[in-house]
Protein chains: 2
Amino acid sequence: MGERYLKSIRLLAECMQGFERLSGRHVREQGLTHAQFDIIATLGNTPGMSYKELGERTLITKGTLTGVIERLEQKGLVARERSPVDARSWFIRLTPQGEQLFADVFPRVTARGGEVFAQFTESDYEQLEQALAHLKSVIAASP
Amino acid sequence: MGERYLKSIRLLAECMQGFERLSGRHVREQGLTHAQFDIIATLGNTPGMSYKELGERTLITKGTLTGVIERLEQKGLVARERSPVDARSWFIRLTPQGEQLFADVFPRVTARGGEVFAQFTESDYEQLEQALAHLKSVIAASP
DNA sequence: TATTGTTATACTCTATAACTATA
DNA sequence: TATAGTTATAGAGTATAACAATA
(Lines give C-alpha, C1' and ligand atoms only; values in the text may rest on other atoms or scores of the structure.)
Protein backbone atom coordinates (compact mmCIF):
# COMPACT_ATOMS: atom_id res chain seq x y z
CA MET A 1 0.00 0.00 0.00
CA GLY A 2 2.83 2.38 0.81
CA GLU A 3 4.37 1.53 -2.53
CA ARG A 4 2.84 4.17 -4.68
CA TYR A 5 6.31 5.47 -5.47
CA LEU A 6 7.72 2.17 -6.75
CA LYS A 7 6.50 2.87 -10.25
CA SER A 8 8.48 6.12 -10.31
CA ILE A 9 11.63 4.43 -9.06
CA ARG A 10 11.27 1.66 -11.60
CA LEU A 11 10.86 4.24 -14.39
CA LEU A 12 13.81 6.20 -13.08
CA ALA A 13 16.01 3.10 -13.08
CA GLU A 14 14.85 2.11 -16.55
CA CYS A 15 15.65 5.56 -17.94
CA MET A 16 19.12 5.57 -16.40
CA GLN A 17 19.77 2.08 -17.68
CA GLY A 18 18.59 3.01 -21.13
CA PHE A 19 20.86 6.01 -21.19
CA GLU A 20 23.80 3.99 -19.93
CA ARG A 21 23.18 1.43 -22.61
CA LEU A 22 23.46 4.18 -25.21
CA SER A 23 26.52 5.87 -23.73
CA GLY A 24 28.42 2.84 -22.44
CA ARG A 25 29.92 1.89 -25.76
CA HIS A 26 31.51 5.30 -26.35
CA VAL A 27 32.95 5.29 -22.86
CA ARG A 28 34.56 1.89 -23.32
CA GLU A 29 35.84 2.86 -26.75
CA GLN A 30 37.91 5.54 -25.01
CA GLY A 31 39.42 2.91 -22.74
CA LEU A 32 37.61 4.23 -19.70
CA THR A 33 35.76 2.21 -17.09
CA HIS A 34 32.45 3.34 -15.70
CA ALA A 35 34.07 4.61 -12.50
CA GLN A 36 36.75 6.46 -14.45
CA PHE A 37 34.23 8.16 -16.69
CA ASP A 38 32.22 9.06 -13.62
CA ILE A 39 35.26 10.91 -12.25
CA ILE A 40 36.08 12.61 -15.56
CA ALA A 41 32.48 13.73 -15.96
CA THR A 42 32.37 14.98 -12.37
CA LEU A 43 35.60 16.96 -12.78
CA GLY A 44 34.61 18.30 -16.19
CA ASN A 45 33.72 22.00 -16.22
CA THR A 46 34.90 22.48 -12.63
CA PRO A 47 38.13 23.95 -11.25
CA GLY A 48 38.69 20.62 -9.44
CA MET A 49 37.92 19.27 -6.00
CA SER A 50 39.16 17.09 -3.13
CA TYR A 51 38.92 13.31 -2.78
CA LYS A 52 36.28 13.87 -0.16
CA GLU A 53 34.05 15.87 -2.46
CA LEU A 54 34.65 13.53 -5.40
CA GLY A 55 33.70 10.59 -3.21
CA GLU A 56 30.51 12.27 -2.08
CA ARG A 57 29.49 13.12 -5.61
CA THR A 58 30.23 9.76 -7.19
CA LEU A 59 29.45 7.47 -4.23
CA ILE A 60 32.92 5.93 -4.61
CA THR A 61 34.42 5.25 -1.19
CA LYS A 62 37.76 6.77 -0.26
CA GLY A 63 39.75 3.53 -0.34
CA THR A 64 38.53 2.80 -3.85
CA LEU A 65 39.00 6.37 -4.96
CA THR A 66 42.73 6.26 -4.29
CA GLY A 67 43.07 3.49 -6.90
CA VAL A 68 40.76 5.03 -9.48
CA ILE A 69 42.50 8.41 -9.31
CA GLU A 70 45.88 6.68 -9.45
CA ARG A 71 44.99 5.00 -12.74
CA LEU A 72 43.63 8.24 -14.18
CA GLU A 73 46.83 9.99 -13.10
CA GLN A 74 48.93 7.31 -14.80
CA LYS A 75 46.95 7.91 -17.97
CA GLY A 76 47.75 11.61 -17.64
CA LEU A 77 44.09 12.57 -17.41
CA VAL A 78 44.06 14.11 -13.93
CA ALA A 79 46.63 15.89 -11.76
CA ARG A 80 46.84 16.37 -8.01
CA GLU A 81 48.07 19.33 -6.01
CA ARG A 82 48.19 19.71 -2.26
CA SER A 83 45.47 21.92 -0.94
CA PRO A 84 46.90 25.27 0.08
CA VAL A 85 44.65 25.44 3.13
CA ASP A 86 44.69 21.87 4.44
CA ALA A 87 47.89 19.84 4.21
CA ARG A 88 45.97 16.56 4.51
CA SER A 89 43.93 17.25 1.44
CA TRP A 90 44.51 17.12 -2.30
CA PHE A 91 43.03 19.07 -5.11
CA ILE A 92 42.29 16.90 -8.14
CA ARG A 93 41.66 18.45 -11.53
CA LEU A 94 41.63 17.43 -15.17
CA THR A 95 44.89 17.87 -17.08
CA PRO A 96 44.73 19.44 -20.55
CA GLN A 97 44.51 15.88 -21.94
CA GLY A 98 41.76 15.16 -19.45
CA GLU A 99 39.89 18.28 -20.56
CA GLN A 100 40.40 17.23 -24.15
CA LEU A 101 39.03 13.77 -23.51
CA PHE A 102 36.08 15.23 -21.65
CA ALA A 103 35.45 17.62 -24.52
CA ASP A 104 35.75 14.73 -26.97
CA VAL A 105 33.91 11.89 -25.25
CA PHE A 106 31.17 13.84 -23.64
CA PRO A 107 29.78 15.30 -26.86
CA ARG A 108 30.05 11.90 -28.49
CA VAL A 109 27.94 10.42 -25.72
CA THR A 110 25.68 13.39 -25.77
CA ALA A 111 25.43 13.61 -29.52
CA ARG A 112 23.86 10.22 -29.08
CA GLY A 113 21.73 11.80 -26.40
CA GLY A 114 20.91 14.60 -28.77
CA GLU A 115 19.41 12.16 -31.25
CA VAL A 116 17.40 10.56 -28.53
CA PHE A 117 16.01 13.85 -27.40
CA ALA A 118 15.49 15.22 -30.87
CA GLN A 119 11.74 15.00 -30.58
CA PHE A 120 11.59 16.56 -27.11
CA THR A 121 9.79 19.87 -27.09
CA GLU A 122 10.56 22.77 -24.77
CA SER A 123 7.47 21.84 -22.84
CA ASP A 124 8.64 18.22 -22.52
CA TYR A 125 11.92 19.44 -21.07
CA GLU A 126 10.25 21.74 -18.64
CA GLN A 127 7.93 19.04 -17.35
CA LEU A 128 10.71 16.49 -16.97
CA GLU A 129 13.04 18.94 -15.29
CA GLN A 130 10.43 20.17 -12.89
CA ALA A 131 9.42 16.64 -11.91
CA LEU A 132 13.00 15.51 -11.45
CA ALA A 133 14.03 18.61 -9.56
CA HIS A 134 11.17 18.02 -7.16
CA LEU A 135 12.16 14.39 -6.72
CA LYS A 136 15.76 15.37 -6.17
CA SER A 137 14.82 17.87 -3.52
CA VAL A 138 12.83 15.38 -1.46
CA ILE A 139 15.57 12.76 -1.77
CA ALA A 140 18.22 15.26 -0.76
CA ALA A 141 16.11 16.36 2.19
CA SER A 142 16.10 12.78 3.47
CA PRO A 143 18.63 12.00 6.24
CA MET B 1 24.04 24.43 -28.08
CA GLY B 2 22.57 21.02 -28.77
CA GLU B 3 22.86 20.28 -25.10
CA ARG B 4 19.45 21.30 -23.91
CA TYR B 5 18.90 17.79 -22.57
CA LEU B 6 22.02 17.70 -20.38
CA LYS B 7 20.19 19.25 -17.47
CA SER B 8 17.63 16.44 -17.56
CA ILE B 9 20.29 13.76 -17.63
CA ARG B 10 22.16 15.36 -14.79
CA LEU B 11 18.98 15.52 -12.74
CA LEU B 12 18.20 11.92 -13.62
CA ALA B 13 21.64 10.80 -12.50
CA GLU B 14 21.43 12.81 -9.30
CA CYS B 15 18.05 11.30 -8.43
CA MET B 16 19.29 7.75 -9.02
CA GLN B 17 22.41 8.42 -7.03
CA GLY B 18 20.40 9.89 -4.18
CA PHE B 19 18.15 6.87 -4.12
CA GLU B 20 21.08 4.49 -4.21
CA ARG B 21 22.67 6.34 -1.36
CA LEU B 22 19.53 5.72 0.69
CA SER B 23 19.07 2.07 -0.28
CA GLY B 24 22.71 0.96 -0.49
CA ARG B 25 23.18 0.44 3.20
CA HIS B 26 20.26 -1.96 3.51
CA VAL B 27 21.46 -3.95 0.54
CA ARG B 28 24.94 -4.35 1.98
CA GLU B 29 23.55 -5.25 5.39
CA GLN B 30 21.99 -8.27 3.73
CA GLY B 31 25.38 -9.33 2.40
CA LEU B 32 24.43 -8.58 -1.20
CA THR B 33 26.52 -6.77 -3.76
CA HIS B 34 24.98 -4.24 -6.10
CA ALA B 35 24.93 -6.74 -8.97
CA GLN B 36 23.37 -9.42 -6.79
CA PHE B 37 20.63 -7.13 -5.57
CA ASP B 38 20.01 -6.10 -9.14
CA ILE B 39 19.33 -9.74 -10.03
CA ILE B 40 17.16 -10.37 -6.95
CA ALA B 41 15.14 -7.25 -7.68
CA THR B 42 14.77 -8.19 -11.34
CA LEU B 43 13.59 -11.71 -10.51
CA GLY B 44 11.28 -10.53 -7.73
CA ASN B 45 7.58 -10.76 -8.58
CA THR B 46 8.27 -12.68 -11.79
CA PRO B 47 8.00 -16.40 -12.56
CA GLY B 48 11.70 -16.32 -13.56
CA MET B 49 13.59 -15.85 -16.80
CA SER B 50 16.63 -16.91 -18.84
CA TYR B 51 20.22 -15.65 -18.55
CA LYS B 52 19.67 -13.83 -21.79
CA GLU B 53 16.70 -11.89 -20.51
CA LEU B 54 18.36 -11.23 -17.13
CA GLY B 55 21.39 -9.88 -18.94
CA GLU B 56 19.33 -7.60 -21.12
CA ARG B 57 17.43 -6.21 -18.16
CA THR B 58 20.40 -5.65 -15.87
CA LEU B 59 23.07 -4.80 -18.45
CA ILE B 60 25.27 -7.55 -16.98
CA THR B 61 27.09 -9.40 -19.74
CA LYS B 62 26.71 -13.15 -20.08
CA GLY B 63 30.20 -14.06 -18.91
CA THR B 64 29.75 -12.03 -15.75
CA LEU B 65 26.23 -13.33 -15.23
CA THR B 66 27.43 -16.92 -14.92
CA GLY B 67 29.48 -15.96 -11.85
CA VAL B 68 26.85 -13.74 -10.25
CA ILE B 69 24.13 -16.38 -10.59
CA GLU B 70 26.53 -19.04 -9.31
CA ARG B 71 27.12 -17.09 -6.10
CA LEU B 72 23.41 -16.48 -5.63
CA GLU B 73 22.77 -20.19 -6.18
CA GLN B 74 25.40 -21.06 -3.56
CA LYS B 75 23.61 -18.77 -1.15
CA GLY B 76 20.42 -20.65 -1.91
CA LEU B 77 18.68 -17.55 -3.21
CA VAL B 78 18.06 -18.62 -6.81
CA ALA B 79 17.52 -21.96 -8.55
CA ARG B 80 18.02 -23.01 -12.17
CA GLU B 81 16.00 -25.41 -14.30
CA ARG B 82 16.61 -26.34 -17.90
CA SER B 83 14.17 -24.70 -20.25
CA PRO B 84 11.63 -27.23 -21.45
CA VAL B 85 11.65 -25.77 -24.94
CA ASP B 86 15.34 -25.01 -25.55
CA ALA B 87 17.95 -27.38 -24.15
CA ARG B 88 20.64 -24.67 -24.30
CA SER B 89 18.74 -22.34 -22.05
CA TRP B 90 18.11 -22.13 -18.30
CA PHE B 91 15.23 -20.76 -16.36
CA ILE B 92 16.38 -18.86 -13.27
CA ARG B 93 13.95 -18.09 -10.46
CA LEU B 94 14.05 -17.06 -6.82
CA THR B 95 13.96 -19.90 -4.28
CA PRO B 96 11.64 -19.55 -1.28
CA GLN B 97 14.58 -18.05 0.62
CA GLY B 98 15.18 -15.72 -2.29
CA GLU B 99 11.54 -14.66 -2.26
CA GLN B 100 11.79 -14.16 1.49
CA LEU B 101 14.86 -12.00 1.14
CA PHE B 102 13.23 -9.99 -1.61
CA ALA B 103 10.14 -9.56 0.54
CA ASP B 104 12.33 -8.56 3.46
CA VAL B 105 14.96 -6.32 1.89
CA PHE B 106 12.83 -4.60 -0.67
CA PRO B 107 10.33 -3.16 1.80
CA ARG B 108 13.21 -2.13 4.02
CA VAL B 109 14.71 -0.20 1.14
CA THR B 110 11.34 1.03 0.10
CA ALA B 111 10.16 1.89 3.60
CA ARG B 112 13.05 4.29 3.39
CA GLY B 113 11.68 5.32 0.04
CA GLY B 114 8.26 5.71 1.57
CA GLU B 115 9.59 8.31 3.97
CA VAL B 116 11.24 10.15 1.15
CA PHE B 117 8.06 10.25 -0.85
CA ALA B 118 5.81 10.99 2.08
CA GLN B 119 5.18 14.50 0.89
CA PHE B 120 4.53 13.52 -2.73
CA THR B 121 0.99 14.20 -3.81
CA GLU B 122 -0.95 12.20 -6.35
CA SER B 123 -0.39 15.00 -8.80
CA ASP B 124 3.37 14.93 -8.14
CA TYR B 125 3.40 11.23 -8.92
CA GLU B 126 1.43 11.64 -12.08
CA GLN B 127 3.68 14.38 -13.39
CA LEU B 128 6.86 12.47 -12.59
CA GLU B 129 5.56 9.23 -14.05
CA GLN B 130 4.36 10.87 -17.21
CA ALA B 131 7.63 12.69 -17.75
CA LEU B 132 9.71 9.59 -17.09
CA ALA B 133 7.53 7.35 -19.21
CA HIS B 134 7.96 9.78 -22.09
CA LEU B 135 11.71 9.86 -21.58
CA LYS B 136 11.84 6.08 -21.39
CA SER B 137 9.91 5.74 -24.62
CA VAL B 138 12.25 7.99 -26.60
CA ILE B 139 15.30 6.25 -25.15
CA ALA B 140 13.87 2.83 -25.94
CA ALA B 141 13.07 3.94 -29.47
CA SER B 142 16.72 4.80 -30.04
CA PRO B 143 18.80 2.16 -31.84
C1' DT C 1 39.82 13.79 19.11
C1' DA C 2 38.25 14.05 14.50
C1' DT C 3 39.28 14.16 9.64
C1' DT C 4 41.85 13.40 4.99
C1' DG C 5 43.71 10.30 2.51
C1' DT C 6 46.68 5.67 2.17
C1' DT C 7 47.43 0.85 2.56
C1' DA C 8 46.14 -4.01 2.99
C1' DT C 9 42.92 -7.69 2.35
C1' DA C 10 39.76 -10.51 0.25
C1' DC C 11 36.40 -10.81 -2.90
C1' DT C 12 33.28 -9.45 -6.73
C1' DC C 13 32.51 -7.47 -10.96
C1' DT C 14 33.94 -6.47 -15.68
C1' DA C 15 34.90 -6.94 -20.76
C1' DT C 16 36.53 -9.86 -23.96
C1' DA C 17 37.37 -13.87 -26.50
C1' DA C 18 37.52 -18.73 -27.27
C1' DC C 19 34.79 -22.61 -26.40
C1' DT C 20 30.71 -26.41 -25.96
C1' DA C 21 26.28 -27.83 -26.86
C1' DT C 22 22.14 -27.12 -29.01
C1' DA C 23 19.01 -24.91 -32.63
C1' DT D 1 25.39 -20.87 -39.34
C1' DA D 2 23.61 -18.76 -35.31
C1' DT D 3 22.52 -18.70 -30.44
C1' DA D 4 22.64 -19.86 -25.04
C1' DG D 5 25.57 -20.29 -21.78
C1' DT D 6 30.54 -21.63 -19.93
C1' DT D 7 35.29 -21.01 -19.13
C1' DA D 8 39.64 -18.48 -18.99
C1' DT D 9 42.11 -14.32 -18.36
C1' DA D 10 43.59 -10.08 -16.75
C1' DG D 11 42.37 -6.16 -14.75
C1' DA D 12 39.34 -3.00 -12.15
C1' DG D 13 36.07 -1.89 -8.68
C1' DT D 14 34.24 -2.82 -3.93
C1' DA D 15 33.69 -2.63 1.30
C1' DT D 16 36.09 -2.69 5.25
C1' DA D 17 39.37 -1.85 8.68
C1' DA D 18 43.76 -0.38 10.39
C1' DC D 19 46.92 3.24 9.68
C1' DA D 20 49.49 7.86 8.80
C1' DA D 21 49.63 12.78 8.97
C1' DT D 22 47.34 16.85 9.91
C1' DA D 23 43.51 19.71 11.97
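A, B, ... follow the sequence lines: proteins, then strands. Residue 1 opens every chain.
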Atom-to-atom span, [atom1] of [X] to [atom2] of [N] - whole angstrom:
| X | N | atom1 | atom2 | result |
| --- | --- | --- | --- | --- |
| B/Phe37 | C/dT12 | CZ | C1' | 17 Å |
| A/Gln36 | C/dC13 | CD | P | 19 Å |
| B/Leu65 | D/dT6 | CG | P | 9 Å |
| A/Glu56 | C/dT3 | CD | C1' | 12 Å |
| B/Glu73 | D/dG5 | CD | P | 14 Å |
| A/His34 | C/dT14 | NE2 | P | 10 Å |
| B/Ile69 | D/dA4 | CD1 | P | 16 Å |
| A/Leu32 | C/dA15 | CG | P | 14 Å |

Working to the nearest 0.5 Å, report the span between CD1 of B/Ile60 and OG1 of B/Thr66.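 Rounded to the nearest 0.5 Å, the CD1-OG1 separation comes to 11.0 Å.
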What residues, two or more places apart in sequence or in another chain, satisfy salt bridge (charged side-chain N to carboxylate O under 4.0 Å, His left out) together with [X]?
| X | value |
| --- | --- |
| B/Lys75 | none |
| A/Glu99 | none |
| B/Arg82 | none |

Identify all pairs in which a protein N or O lies below 3.5 Å from an N or O of nucleotides 14-19 of chain D, and state each distance.
| from | atom 1 | to | atom 2 | distance (Å) |
| --- | --- | --- | --- | --- |
| D/dA15 | OP2 | A/Thr61 | OG1 | 2.8 |

Counting only heavy atoms from other residues, nucleotides and ligands, does the tally under 6.0 Å from CG of A/Asp86 exceed 12?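 Yes - once you tally the heavy atoms of other residues, nucleotides and ligands closer than 6.0 Å, there are more than 12.
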Near DNA chain C, counting only heavy atoms under 4.0 Å, which residues of residues 78-95 of chain B show up?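 Hits under 4.0 Å, by residue number: B/Asp86, B/Ala87, B/Arg88.
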State whether B/Thr33 places a side-chain N or O below 4.0 Å from either non-bridging phosphate oxygen (OP1 or OP2) of C/dT12.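 For C/dT12, OP1/OP2 do not have a side-chain N/O of B/Thr33 under 4.0 Å.
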side-chain N/O A/Tyr51 vs C/dT3 OP1/OP2, d < 4.0 Å: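 No, no such contact exists.
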Can you name the residues that form a side chain to side chain donor-acceptor pair (under 3.5 Å) with B/Arg80, not counting sequence neighbours?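 For B/Arg80, the residues satisfying side chain to side chain donor-acceptor pair (under 3.5 Å) (neighbours in sequence not counted) are B/Tyr51.
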What do the steps show when you test B/Leu128 against A/Leu132 for side chain to side chain contact (heavy atoms under 4.5 Å, CB included), and what is the final call? CA-CA 7 Å; B/Leu128 181 59; A/Leu132 287 176; 4.1 Å; yes
Name the residue closer to the 5' end of DNA chain D, choosing between A/Gly67 and B/Ser50 according to the nucleotide with the nearest heavy atom.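 Comparing both residues, the 5'-ward one is B/Ser50.
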Is A/Asp124 reaching over with its side chain to a backbone N or O of A/Thr121, donor-acceptor style, under 3.5 angstrom?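 Yes, A/Asp124 side chain to A/Thr121 backbone: donor-acceptor pair under 3.5 Å.
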Within the distance-only criterion (no hydrogens, no angle test), does the side chain of A/Thr95 pair as donor or acceptor with the backbone N or O of A/Gly76 below 3.5 angstrom?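 Yes; judged by distance alone, with no hydrogens or angles, the pair exists.
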